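For reference, the structure discussed in these notes is given below.
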Amino acid sequence: MSQQPVLLPYADPAFVADPFPLYRRLREEGPVRRAVIAGGLDAWLVTRYEDGLAALSDPRLSSDVRDASDPRLIEQLPEFERDSMMSNMLRSDPPDHTRLRRLVSKAFTARRVAELRPRVQEITDRLLDAVVPDGHAELVADFALPLPVTVISELLGVPVDDRHDFQRWTDAMLARGEGMPDPVVVDEAWQQMHAYVTKHLESKRARPGGDLLSALISAHDEERRLSHDELIAMTFLLLAAGYITTVNLIGGGIAALLANPDQLALLRDQPELLPDAVEEFLRFDGPVSPGIARFARDDVEIGGVAIPRGATVLVASAIADRDPARFRDPDRLDITRRDNGHLAFGHGIHYCLGAPLARLEGQIAIGTALRRLPDLALAVPPAEPSWRPGGLRGPVRLPVTFTAPGDRAG
């Protein structure tokens, strides 16, 4: 196997729109491939399902970026982020990870998420009420984005007037390493978000409520189970991670259906397939691409390939989830697929805490959109919708048309 790193061409619109031909070639070339990923960083891509599944549970692979040998992983972060944002669940290992996850896990249990169903449905209907009379919409900005933003904001007690700002800051921050032309804009967004989170925590401390953020403040102030940096990091993580991947799931799922009219028609006819359909959207073209980063705290062998201590290991879920050794006819969207143990939400102790909420929002959003937007179709050529490059994958814009109530015959 060649050790010359392959470049993932995030500046190439054709790759961003459809990375899967290159992903397929990398998987066929070997179970592990060196690659240059977003930000110009070197990583070892784990491309096959069984190896990826094992790697996500391997204690020799750390989630703490401080175990990485490449100093750029930390040097590219703003100074204040090195102090506080390093303390979140995604970047920690046990025992800190166990303690931090336990503090918020009750808010995302299947039972608690089920209780949110009426409110998620209400928000969904309100958003669609605003576009249904028009017969056209930009489904990311008008629908896929404001739905999860509203849900996570309500869980954290973020005032309505503040939601647009934190959404704008998060979008700018997540653009780092993806061809963002002005890194000053990115760092400014980090600073603004940090200042907002600090101010919002103080406001909540003065006027606590029944929201998750008030509970976290109590864990810091009264129970001493959370440090100040951890409180800041947890709040940011929940705000940002609480919506952006769900935006990609909703937008990407609808885009996949529009590109596969037979599956769109099948789901319209059999809405009971929605749970299976959402799992298939996650497998087929999930919201994280190419995958999940880990850092080798020791020399480790994966798929017969020796990976040195300190290396960045990218468990490429987007590649592994189309592995023909695990999934039959993997490059075909099949909403009836049942054996669908995809890696889009990860695996092991870092399995996505918000997975039940993302599934609920995805099912309600996509199911309701199909029910209320007859004759749904792209308003632009299939190759034209732009996709988010690197790291997080989903359509940036999704212009659509549909039959408005006044246009229906009879």
Side-chain angles (χ1 to χ4, degrees), residues 1 3 5-6 8 23 26-27 30-77 81-82 85-98 100-101 174 176-177 233 237 240-241 245 282 286-321 323 326 341-355 390-393:
M1 182 185 72
Q3 291 302 305
V6 62
L8 298 189
Y23 285 174
L26 293 177
R27 187 181 57 244
V32 178
R33 276 299 311 267
R34 287 182 63 199
V36 178
I37 58 173
L41 300 172
D42 187 75
W44 297 75
L45 294 181
V46 180
T47 65
R48 297 180 184 174
Y49 182 89
E50 289 300 329
D51 294 319
L53 189 70
L56 289 172
S57 297
D58 192 329
R60 296 171 298 175
L61 298 178
S62 169
S63 295
D64 191 334
V65 68
R66 287 167 292 196
D67 285 321
S69 58
D70 189 338
R72 292 176 298 169
L73 285 162
I74 295 178
E75 289 172 355
Q76 68 178 352
L77 302 176
E81 189 195 353
R82 298 176 209 170
M85 296 302 153
M86 302 297 291
S87 305
N88 71 47
M89 289 184 294
L90 294 183
R91 292 177 174 170
S92 63
D93 296 313
D96 286 337
H97 172 265
T98 307
L100 293 170
R101 187 177 176 104
L174 293 174
R176 183 194 284 120
L237 176 64
T245 52
L282 289 162
V288 177
S289 179
I292 304 162
R294 295 288 185 265
F295 310 100
R297 54 163 54 106
D298 297 302
D299 293 343
V300 61
E301 183 177 299
I302 300 176
V305 177
I307 297 175
R309 177 182 179 181
T312 298
V313 177
L314 199 60
V315 180
S317 53
I319 306 178
D321 280 342
D323 186 346
R326 173 61 181 82
H342 59 75
L343 300 179
F345 286 134
H347 179 69
I349 63 171
H350 282 277
Y351 184 81
C352 178
L353 188 64
L392 295 169
R393 176 168 170 78

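Note that the structure is a prediction, hence the values are computed from the model and not measured.
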For Gly30, does its backbone N or O pair with a side-chain atom of Thr47 as donor and acceptor, under 3.5 Å? yes

Which value, rounded to the nearest 0.5 Å, describes the distance between Arg326 atom CZ and His342 atom NE2? 10.5 Å

Does the side chain of Leu343 reach to within under 4.5 Å of the side chain of Leu53, using non-hydrogen atoms? yes

Measure the spacing between CD1 of Ile37 and CG of Leu314 and express it to the nearest 0.5 Å. 5.0 Å

Got Asp64 and Phe295 here, is their nearest side-chain heavy-atom distance under 4.5 Å? no

Give me the atom names and distance for the closest heavy-atom approach of Gly346 to Tyr351. O-CD1, 3.4 Å

What's the shortest heavy-atom distance between Pro308 and Trp44, and which atoms? CD-CZ2, 3.8 Å

Residue pairs fulfilling salt bridge (Lys or Arg N to Asp or Glu O under 4.0 Å) with at least one residue in residues 41-55, sequence neighbours excluded: Arg34-Asp42

Quick note, salt bridge (Lys or Arg N to Asp or Glu O under 4.0 Å) partners involving residues 289-301, not counting sequence neighbours, are Asp67-Arg297, Asp93-Arg297

Where Pro287 and Leu282 come nearest, the two heavy atoms and their spacing: CD-CD2, 3.8 Å

Report the residues that fulfil side chain to side chain donor-acceptor pair (under 3.5 Å) with His97, sequence neighbours left out, ordered by chain and then residue number. His350

Name all residues meeting the side chain to side chain contact (heavy atoms under 4.5 Å, CB included) criterion together with Val6; count only those two or more places apart in sequence or in a different chain, and write none if there are none. Arg25, Leu26, Arg33, Ala35

Using side chain to side chain contact (heavy atoms under 4.5 Å, CB included) as the criterion, list what pairs up with Ser57, not counting sequence neighbours. His347

Side-chain heavy-atom pair Val36, Leu8 within 4.5 angstrom cut-off: no

Just so I know, are the side chains of Leu61 and Ile302 near enough to count as touching, which here means a heavy-atom distance under 4.5 Å? yes

For a quick test of reading the model, state the closest non-hydrogen atom pair linking Met89 to Leu100 and the distance between them. CG-CB, 3.6 Å

Test of understanding: with side chain to side chain contact (heavy atoms under 4.5 Å, CB included), list the residues that count as partners of Pro59, not counting sequence neighbours. none

Measure the CG-OG distance between Asp96 and Ser63 for me, rounded to the nearest 0.5 Å. 12.0 Å

Under 3.5 Å, is there a donor-acceptor pair between the side chain of Asn88 and the main chain of Leu237? no

Measure the OH-CG distance between Tyr23 and Leu45 for me, rounded to the nearest 0.5 Å. 8.5 Å

Spacing of Thr312 atom OG1 and Leu41 atom CG [to the nearest 0.5 Å]: 6.5 Å

